Protein chains: 2
Amino acid sequence: MEHQSSARVTNDPSPAQRIATMLALLQDTLPVQKRLVHAGDIVCQVGQRFHSLYVVNSGLFKMVNLSDQGREQVVGLHFRGDWLGLDGIATGRYGCDAVAMDTGEVWVIPYATLLETSIRTPALLTALHQAMSRELARDHDSMLSLCTLPADARVAGFLRYWADNVSQRGQRCDQITLRMTRAEIGNYLGMTLETVSRALSRMARGDVIRFNEKGRRDIQIPQVEALTAFMQRAKGPTAAAALH
Amino acid sequence: MEHQSSARVTNDPSPAQRIATMLALLQDTLPVQKRLVHAGDIVCQVGQRFHSLYVVNSGLFKMVNLSDQGREQVVGLHFRGDWLGLDGIATGRYGCDAVAMDTGEVWVIPYATLLETSIRTPALLTALHQAMSRELARDHDSMLSLCTLPADARVAGFLRYWADNVSQRGQRCDQITLRMTRAEIGNYLGMTLETVSRALSRMARGDVIRFNEKGRRDIQIPQVEALTAFMQRAKGPTAAAALH
DNA sequence: CGGAGTCTTGATTGGGTTCAATAGGCGTGG
DNA sequence: CCACGCCTATTGAACCCAATCAAGACTCCG
């Protein structure tokens, strides 16, 4: 009796398919204003009044949380099809900076307009809810990594996450280009840039990854399974109290 | 508290007010089924088909993320007025276990029903969106803590978080009762139970908190500001690569 | 070329885990 | 009632992973 009842609560074509469909939907039903950005540009800023959500059409974005004492923390990375600014809905002000890490394009979606239009086109709501829900799940995975994995495994997990995102969007993933410095990666993963560097070196030494000549940001991943194996291997005795 | 104009997307009466209003709204517009739970009961389980969301009317709940290798991670705590099961919307299956940590009551909100009803009562959507958005912001704060604060400061931050939640819901917060073991707290904060214990002992020694005789889970907080001060003090040189 | 930013690698230190032992709270049953 | 076992919490001592400090090498660009 658990079979695929009434409305499609879930339909899962390929992720690439899902994203393309969603972007088409937005374009067809809303007057989307497009905004071109370059590396370093800030899409929306913490504290700013919340009016619009942003959907990534291309490029790569990081969400940066600023603590009261001025510490910055990268709390998320976003690719094509992701939504930005979601944490502004509750308080009426954005909770993070959204910073472009590369040339790209975001679509500006006024929240009020979205709500109005969604009465006629409920699929818009589904898209929004899925975006928020997916980000929640992703955040929970991040916490799991931060709390239970040692540094090497976290870095390996990060590469796999990146590769997954790239391949889900229909591109080859055996060859990825990190558009982040070691410092940014380290910040995101809760470790220092030196530790990131060492972890990558160890992986390269074990042939889990390969650096491209010229520029240590291009990384070949011969087989993604090797990354997973490396994670397990590195996952020895590490922190975080066990429950029960 | 920053006093602001009233006409806007978000209206913020006191948090207690907001929660009461939301619960009343749900009760008036939806056929809410109520479910009584006791400590240890599982409200919804990872992998289960997603149909309903749950709203906490009373009690305390933890969200537990199960990794593929069987490691469990507490990724969130939820009080009265919070929603459970939000991470199931995207995939059609719940992403976490929601476990009751005390006697309480949740209201079952079928997602499909919520969407239908929200056409007539848009405020329902606002409530849902705010709940999701608030959880996103909270998750980001957690990541900030996990990545940038040393153990002592994280524990202090946890107590302040708990006290804030309690006081926002209209109860006194100078006397809180943690309904979690040291192991659960440690798991949530990404450290071992011994470290939690030591941090609490240090705070007690500095008179930032006081243990109630009988049972080290009852904690007095003479002044919340002292907690904040303790956080700063403990926040010396700690991890997480700086950006720029 | 020179300088700034980035990355790698080594040596050392330290915060937090791990291991281990003790003590307190609480329910059960004699 | 106390004895017993179980769970939880505290505290100490030793160890270890990752941070810190410190060079040095590489890339890019004016």
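All chains are named by letter (A, B, ...) in the order of the sequence lines, taking the proteins before the strands, and each is independently numbered beginning at 1. Being a predicted model, the structure only gives us computed values, none of them experimental.
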[X] [atom1] to [N] [atom2]: how many Å, rounded?
X: A:Asn212; N: D:dC26; atom1: CG; atom2: P; value: 17 Å
X: A:Ile209; N: C:dC7; atom1: CD1; atom2: C1'; value: 13 Å
X: A:Asp218; N: D:dC28; atom1: CG; atom2: P; value: 10 Å
X: B:Ile219; N: D:dA9; atom1: CD1; atom2: C1'; value: 12 Å
X: A:Arg154; N: D:dC17; atom1: CZ; atom2: P; value: 14 Å
X: A:Arg216; N: D:dC28; atom1: CZ; atom2: C1'; value: 13 Å
X: B:Leu200; N: D:dA9; atom1: CG; atom2: P; value: 10 Å
X: B:Leu178; N: D:dA9; atom1: CG; atom2: C1'; value: 13 Å

Query raised in the report: Less than 3.5 Å between a donor and an acceptor, one on the side chain of B:Arg198 and one on the base of D:dG12, is that the case here?
Result: yes

Query - Pair A:Asp218, A:Gln175: side-chain N/O donor-acceptor within cut-off below 3.5 Å - result: no

Using a 4.0 Å heavy-atom cut-off, does [X] contact any base of the nucleic acid, only the sugar-phosphate backbone, or nothing at all?
X: A:Leu193; answer: base
X: A:Ser197; answer: base
X: A:Arg217; answer: sugar-phosphate

Closest to the [X] side chain, choosing from [options]:
X: B:Met191; options: C:dT17, C:dG16, D:dT10; answer: C:dT17
X: A:Glu194; options: D:dT11, D:dA18, D:dA22; answer: D:dA22
X: A:Thr181; options: D:dT10, C:dC7, D:dA19; answer: C:dC7
X: B:Ala151; options: C:dT8, C:dG16, C:dT17; answer: C:dG16

Report task. Output yes when a side-chain donor or acceptor of A:Asn187 lies under 3.5 Å from a complementary backbone atom of A:Val74, and no otherwise. Result -> yes

Query raised in the report: B:Arg182 side chain N/O closer than 4.0 Å to the phosphate oxygens (OP1, OP2) of D:dT10?
Result: yes

Query raised in the report: So, is B:Thr192 near the phosphate of C:dT18, with a side-chain N or O under 4.0 Å from OP1 or OP2?
Result: no

Query raised in the report: Which class fits the ring pair B:Phe79 and B:Trp162: parallel under 30°, tilted 30 to 60°, perpendicular over 60°?
Result: perpendicular

**Report entry** Plane angle bin for B:Phe50 and B:Tyr94 - parallel if under 30°, tilted between 30 and 60°, otherwise perpendicular
**Finding:** perpendicular

Query raised in the report: How long is the gap from CG on A:Asp87 to CG on B:Asp139, to the nearest 0.5 Å?
Result: 10.5 Å

